[in-house]
Amino acid sequence: MTQTETILPEETEEILERIAVLQKEKERIIIAIDGRCTSGKTTFARILSEKTGIPVMHMDDFFLRKEQRTPERYAEPGGNVDRERLTEEVLIPFREGKEISFRKFIRGIMSLSEPFSFPYENAMILEGSYSCHPELQKYSGLKIFMDIASEQQLDRVRIRDGEGKVQEFRERWIPLEEKYFEAFKIREICDYVIQSR
């Protein structure tokens, strides 16, 4: 048994069947995977990609640049990603069936990379927190929310990023996510909710 097989959520087969139906019914579809940090969004996106051949686009590539990080922007629920650039460089070209060329956010220099080409046929997995923001929802044909208990979440932050990051996540990043989830009822509007185990 492979590692991927051991962590498959019980909803996986149903979701795969739903994706197959959507691909037959629609010219192009986006599967959005939103949810709490450390809940398994990236892992589940990889699983779906491996099983369907659908490429994955990561919300982490659309963090705000330094000049965008204003108090006003952070005060918006879900304001801490560059929805505008994602829409312009990825979602609109995807909807129109055009070539996608996008720039990735580079943390070390707080700036953008040279353009990358993103290959796709008729589907894309958009993975990451804020992927179901109201301004982005209209592009998604299927929405999945990954959930996790708060104590388990902090344990995973500790394992993934080290003890020094736990306080930062607890005091800054998790509250920003929770404000967004609550403001737009993200868990409630998703087609599937997967509880991390």
Side-chain angles (χ1 to χ4, degrees), residues 3-4 6-9 11 31-49 56-87 90 102-113 116 125-137 140 143-190 192-197:
Q3 181 184 8
T4 298
T6 64
I7 59 174
L8 287 180
E11 300 88 350
I31 300 104
I33 304 178
D34 206 325
R36 295 183 162 88
C37 63
T38 75
S39 60
K41 298 182 297 295
T42 305
T43 299
F44 192 55
R46 177 180 52 78
I47 290 168
L48 293 183
S49 181
V56 180
M57 176 74 66
H58 300 281
M59 292 296 293
D60 284 2
D61 291 330
F62 297 89
F63 284 149
L64 297 177
R65 299 186 300 279
K66 186 174 182 180
E67 64 271 19
Q68 295 173 300
R69 298 184 177 207
T70 64
E72 294 79 17
R73 184 68 182 227
Y74 279 117
E76 299 174 24
N80 52 316
V81 291
D82 194 342
R83 303 182 306 272
E84 298 84 357
R85 187 168 63 83
L86 172 64
T87 300
V90 176
F102 76 103
R103 298 161 294 160
K104 295 183 179 183
F105 176 81
I106 304 172
R107 292 184 193 211
I109 61 173
M110 297 286 285
S111 190
L112 302 179
S113 71
F116 281 81
I125 297 168
L126 180 60
E127 173 276 322
S129 296
Y130 311 105
S131 60
C132 288
H133 188 283
E135 291 178 19
L136 309 179
Q137 284 176 29
S140 298
K143 298 181 287 295
I144 300 167
F145 188 87
M146 306 292 292
D147 209 349
I148 187 169
S150 57
E151 285 307 311
Q152 185 182 9
Q153 183 181 44
L154 291 174
D155 286 343
R156 287 191 181 179
V157 169
R158 189 174 288 109
I159 292 166
R160 185 188 69 184
D161 300 313
E163 184 66 41
K165 286 287 185 180
V166 173
Q167 184 173 351
E168 179 183 343
F169 271 81
R170 183 190 288 120
E171 294 179 359
R172 183 167 192 191
W173 303 120
I174 292 174
L176 284 172
E177 282 188 353
E178 293 301 322
K179 179 169 74 170
Y180 154 74
F181 297 143
E182 177 59 29
F184 301 122
K185 306 299 179 196
I186 299 300
R187 191 179 193 277
E188 291 80 359
I189 60 92
C190 284
Y192 292 93
V193 175
I194 297 176
Q195 185 68 40
S196 184
R197 294 169 178 81

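Starting from 1, each residue takes its place in the sequence as its number.
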Got a sec, which residues hit salt bridge (charged side-chain N to carboxylate O under 4.0 Å, His left out) with [X], two or more places apart in sequence or on another chain?
X      : value
Glu11  : none
Arg170 : none
Asp61  : none
Asp147 : Arg36, Arg187

Under the 3.5 angstrom rule, does the side chain of Ser131 hit a backbone N or O of Gly128 as a donor-acceptor pair? yes
Backbone N or O of Arg103 within a donor-acceptor pair of the Arg85 side chain at under 3.5 Å?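 Yes; judged by distance alone, with no hydrogens or angles, the pair exists.
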Which residues satisfy the ring-ring contact (aromatic ring centres under 6.0 Å, His included) test with Phe62, sequence neighbours excluded?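 For Phe62, the residues satisfying ring-ring contact (aromatic ring centres under 6.0 Å, His included) (neighbours in sequence not counted) are Phe102.
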Are any of the side-chain heavy atoms of [X] and [Y] separated by less than 4.5 Å?
X      : Y      : answer
Met59  : Ser129 : no
Thr38  : Ile159 : no
Ile144 : Leu48  : yes
Leu136 : Leu86  : yes
Phe105 : Val81  : no
Phe181 : Cys132 : no
Tyr192 : Lys143 : no
Arg46  : Val56  : no

Are Arg65 and Asp82 close enough for a salt bridge, meaning some N to O gap below 4.0 Å? yes
Do Glu182 and Lys185 meet the salt-bridge criterion of a basic N to acidic O distance under 4.0 Å? yes
Can you sort out the partners of [X] under side chain to side chain donor-acceptor pair (under 3.5 Å), two or more places apart, ordered by chain and number?
X      : answer
Asp155 : Arg158
Ser49  : none
Glu168 : Lys165, Trp173
Ser39  : none

Using side-chain contact (heavy atoms from CB on, under 4.5 Å) as the criterion, list what pairs up with [X], not counting sequence neighbours.
X      : result
Ile109 : Ile106, Ser111
Arg73  : Leu64, Thr70, Glu76, Arg83, Glu84
Ser196 : Ile148, Gln152, Arg156

Hey, are Asn80 and Tyr180 close enough side-chain-wise for a donor-acceptor pair under 3.5 Å? no
Assess the residue pair Tyr74 and Leu176 against the criterion (side chain to side chain contact (heavy atoms under 4.5 Å, CB included)); give the C-alpha distance rounded to whole Å, side-chain angles, the decisive distance to 0.1 Å, and a yes or no. CA-CA 8 Å; Tyr74 279 117; Leu176 284 172; 4.0 Å; yes
Quick one: closest heavy-atom pair of [X] and [Y], and the distance?
X      : Y      : value
Pro77  : Ala183 : CB-CB, 3.7 Å
Met146 : Phe44  : CE-CB, 3.9 Å
Phe145 : Ile186 : CD1-CG2, 3.9 Å
Gln68  : Phe63  : OE1-O, 4.5 Å

Supply the atom-to-atom distance Glu177 CD to Phe169 CZ, rounded to the nearest 0.5 angstrom. 8.0 Å
For the CD atom on Glu178, are there more than 12 heavy atoms of other groups (residues, nucleotides or ligands in this structure) within a distance under 6.0 Å? yes
More than 12 heavy atoms of other groups within 6.0 Å of Gln167 CD: no
Let's go through His58 and Lys104 carefully: what are the C-alpha distance in whole Å and the side-chain angles of both, what is the deciding distance for side chain to side chain contact (heavy atoms under 4.5 Å, CB included) to 0.1 Å, and is it a yes or a no? CA-CA 9 Å; His58 300 281; Lys104 295 183 179 183; over 6 Å; no
